[in-house]
Each structure stands twice: as structure tokens, then as C-alpha cells.
Protein chains: 2
Amino acid sequence: MPATTSPTRTDSRPDSRPGGRSARVRAAVHQAVKDLLTDEASDLLTIPVIAARAGVHATTVYRRWGSVSELLADVATSRFSGDLVVPDTGSLRGDLERYAADLAKDLSDPDTLALVRAIVGTGGEGASICRGERQRQLEAILEREQARGSRTPTIERAIDALLAPLYYRAVFTDQAPTPEWARTLVSHLLPD
Amino acid sequence: MPATTSPTRTDSRPDSRPGGRSARVRAAVHQAVKDLLTDEASDLLTIPVIAARAGVHATTVYRRWGSVSELLADVATSRFSGDLVVPDTGSLRGDLERYAADLAKDLSDPDTLALVRAIVGTGGEGASICRGERQRQLEAILEREQARGSRTPTIERAIDALLAPLYYRAVFTDQAPTPEWARTLVSHLLPD
DNA sequence: CCACAAAAGCAGCGATCATTGCGATTAAAA
DNA sequence: TTTTAATCGCAATGATCGCTGCTTTTGTGG
């Protein structure tokens, strides 16, 4: 008899090709972590609890990830890769406004926010997982504009003026960043 | 025989007035939390371990604080209250530069940084402990300048331009914020 | 000096966690 | 089809954690 609780996944086909068992386990565990992160009980985010929620044995999680920190890092890597697109509106201002608005919408998601906070809490080096991709994308926007022959703010300045307020407001305050507010950040960064 | 490890405190006088036993226990526990926070093992930050390091019985910690989250909140409240002074240089620019530099130096301390990260990781509402006092102090600087009849940036704008980059750089990157860089933030906030 | 309330020490309990051998299942190679 | 290595399920173990009655110590006021 299945002593563990039922998994969250709705996909219950009998282990066919797309990914194999290993990939299904990984998806179920990732989903369980995301679910538990919103439950507002950080001490419940433990391997046995995660495994039970994923319908997987704790041993499997221990062997594949080892610790909650590494598991969180894995979830964050998946979450923060390839989900945001570098816009191309033709103008630097347009690109930045679009990108800042997208990022604000992304960071206003409670699940994403909980993940960021949990990652920050696990120590330090893992925190760059949540910002590395975004910094690179911002850099790409600036470099493309420079390739057009225009002068742009430095990447450092852009980080201070855009990324920093977005992450600060999301992580340290209880007001979610809105796309409209994000656009005002761009207007302060770029000279009128 | 004393099974627990020796406390960190150097003060070993036999329970005289200045604070009483209760206050000494509190100080020892706070110090133990700060010590353990730098040890880079977030899963070791547990009540029995904290109590042992403080030379105090775990029961005492459980009764006084209840959970690690509340204990962290208490440590943070002590740490972030009254340690920074609102400067008064006569000019808004001078005040902001001084305050930003002080805050940068404060946030570059590894112990403080570890505390901030741990607080963020415990859930959300506690994160405002690390920024509430600073926001109020920044507000005080702006309001004093307004009382002099001068126009100033809004508090929201000052947060985005000063507090946000400082906290972002400290928490999300591995480069500690320097006072010099903090002053450049002010130069970007105030019109030349 | 004595009494009393608050705080801390103590021992022990149940529950949970992390980890490890071992067998079973799966997916891919031969 | 058979083989083979990787992955996962299972059960058990030792360790740790969170918590709770009970006693002892502390410090304060009568």
C-alpha cells in the first residue's frame, strides 16, 4: 500500500518516453518544492516532506541532491533560465522599459519571490543564480545599443538603477513591483 | 561535568547587577547566533546548537524565543537599532553622502550580511526589520531639508536610488559595497 | 531574614531527520 | 533477447530536534 501521500503531478501515464522516470521524478520534486515554498513554513521545507509531497521516496532525493540547499539551487536554476526574453523594440528606452516591466511582473509572482528569499537564506553564492541571467540580459541590451553607435549608461549604473530597486522592493518590502513603476525607473536612468 | 561547550562571552563575574542573569543569557545567546551565522552552515542554526554554543540550556531558549525565526528577529532588532546616526552636515548632499557611506560600511560587515540573509530566508515580514530603521532615517534627512524650504527627491525615489543598490549589492552579489561607491549613488540621485 | 515569583537547569519523551545496505525496476546497450 | 549500469523503492538505524513536567537557583520585595 502506498504509505506516502499522492503526488501533485497530474501526469500519470505509465513511464513512457518523454524524459523517462528520472525526469519525471525531477519534475515532481521541483513542483513539490515550489508548492511547499508558498506554505510559509520554512522549517517544513525538509527532504522527507518534499519527497512525500512529490510522491517519491526520501532516499531518492537524498541521493540526487544531497541537501535542501542544492535542491533549491537546482530549482532556481531551472526557474531563472530562459523564461524571460530580451526585447527588441528598436530603441534603448523601449527595450529597457519592456524588460523592466517583464522583470517586475516576474518578481511579483509569490512563488518566485518565495524561491528567491529561500535561496538567499541558504547562504551566499547561490543568490547569484537569481540575478546572473538577468544581469547578462541587461548587458546584452546595452551592448546592442552600443553596437548601434550610441552611448549608454554603464552596466553597473543600469544594475543600480533597475535591477537593484526591482529586487529590493520584491525581497525587502511587502509591496509587489508593478510594471508601471518599473518603467519610471528607466526614465530616471536615461537622460530626458 | 560540563557536557556543553564553553560560552563565548569573556565576562564571567558571578551574576551581579548590570542586567542580571536574564540579560546575560540573552547576550550570550545573541552572540552565539551571530557566531553561528558566519559559519556558513545554515542547517546548523538550530536551537540546541545555539544553546550549547551560548553555554545555556536549550530549554531556556525554547521558552524565551520559541523558534529560530523569532530569535533571529530579536537579534536583528537589536542589531539594526541605534547603531547608525543621522548625520547633520548642513547640506542635503553632505548628509546623504555621509549616511550612504556609513550604511555601506555597515552592510559590508560579513556578520551583518549573514544576519540579513538569514532573516530574509525565514519568510518575509521579518525582512522589514533590516530596512525599517534605515528608511525612517533616510526620511528624516529628506524632511529636515524640506523644512529648510528646499525641494528634495521623494522618499520613494531616494529608496530606489540609495537603499536598494546598497542592499542589492550586499545581498545578491559577492562584492561588498564600498563607501566611495555609495557616494556615487548620491551624485546620481541629486541633480548636478 | 524570609517569602515569593521569575528564570534557568535537568532529564526524558516522542517525532522527525539524515544516512546506509539491499533488492527491484527501469532504460539503454550488446 | 539478454545484459548491464543507473535509478529508485524499501526498511532499519543512529542522531538530532522540539517540547514538557519538575526541581533548583536567582533576585526582589516585604
Side-chain angles (χ1 to χ4, degrees), chain A residues 1-9 11-33 36 39 41-72 74 118 122, chain B residues 1-9 11-33 36 39 41-74 118 122-123:
Chain A
M1 61 310 196
T4 57
T5 63
S6 62
T8 301
R9 67 189 162 86
D11 181 13
S12 61
R13 64 196 160 191
D15 265 346
S16 35
R17 293 111 284 121
R21 183 172 58 166
S22 183
R24 284 192 307 102
V25 167
R26 179 180 148 108
V29 170
H30 276 219
Q31 187 58 45
V33 170
L36 289 171
D39 281 0
S42 61
D43 55 328
L44 258 299
L45 196 72
T46 181
I47 305 249
V49 176
I50 294 170
R53 182 122 166 111
V56 165
H57 268 261
T59 309
T60 302
V61 181
Y62 279 116
R63 290 219 238 267
R64 282 190 64 163
W65 287 278
S67 70
V68 179
S69 299
E70 301 177 53
L71 176 52
L72 273 177
D74 192 35
T122 62
Chain B
M1 61 309 196
T4 57
T5 62
S6 63
T8 301
R9 66 191 162 86
D11 180 14
S12 60
R13 63 196 160 190
D15 265 346
S16 35
R17 289 112 289 118
R21 184 172 57 165
S22 183
R24 284 191 307 101
V25 167
R26 179 182 149 109
V29 170
H30 276 219
Q31 186 59 45
V33 170
L36 289 172
D39 282 0
S42 61
D43 55 329
L44 258 298
L45 196 72
T46 182
I47 304 245
V49 175
I50 293 169
R53 185 117 161 92
V56 164
H57 270 259
T59 309
T60 302
V61 181
Y62 279 116
R63 290 216 167 95
R64 282 190 63 164
W65 287 280
S67 71
V68 179
S69 298
E70 300 176 55
L71 176 52
L72 274 178
D74 192 35
T122 61

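Letters go in sequence order (proteins before strands), and every chain restarts at 1. Note that this is a predicted model, so its numbers are computed, not measured.
Residues satisfying the side-chain contact (heavy atoms from CB on, under 4.5 Å) criterion with Thr59(B), sequence neighbours excluded, are Arg63(B). Take Thr60(A) and apply the side-chain contact (heavy atoms from CB on, under 4.5 Å) test, not counting sequence neighbours, and it matches Val25(A), Val56(A), His57(A), Arg64(A).
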One character per nucleotide, please: for nucleotides 12-20 of chain D, 5' to 3', B when the base has a protein heavy atom closer than 4.0 Å, S when only the sugar-phosphate does, - otherwise.
-----SBBB

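Applying the 4.0 Å criterion to OP1 and OP2 of dA8(C), one finds that Arg64(B) has a side-chain N or O inside that range. His57(B) has no side-chain polar atom (N or O) that falls below the 4.0 Å cut-off from OP1 or OP2 of dA8(C).
Between the CZ atom of Arg24(B) and the C1' atom of dG9(C) there is a distance of 13 Å, rounded to whole Å. In this structure, Arg26(B) places its CZ atom 16 Å from C1' of dA8(C), rounding to the nearest Å.
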Before giving the answer on side-chain contact (heavy atoms from CB on, under 4.5 Å), spell out for Leu44(A) and Leu36(A) the whole-Å C-alpha distance, their side-chain angles and the decisive distance to 0.1 Å.
CA-CA 8 Å; Leu44(A) 258 299; Leu36(A) 289 171; 5.6 Å; no

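Residue Val61(B) comes nearest to Ala51(B) through the heavy atom pair CG2-CB, 3.9 Å, listed as atom of the first residue, atom of the second, then distance. Considering all non-hydrogen atoms of both residues, Thr122(B) and Ser42(A) come closest at O-OG, 3.8 Å.
Two residues are said to be in side-chain contact when any heavy atoms from C-beta on lie closer than 4.5 Å; Asp74(B) and Val33(B) fail this criterion.
Of the candidates dG9(C), dG9(D), dA8(C), dG9(D) carries the atom nearest the Thr60(A) side chain, counting heavy atoms from C-beta on.
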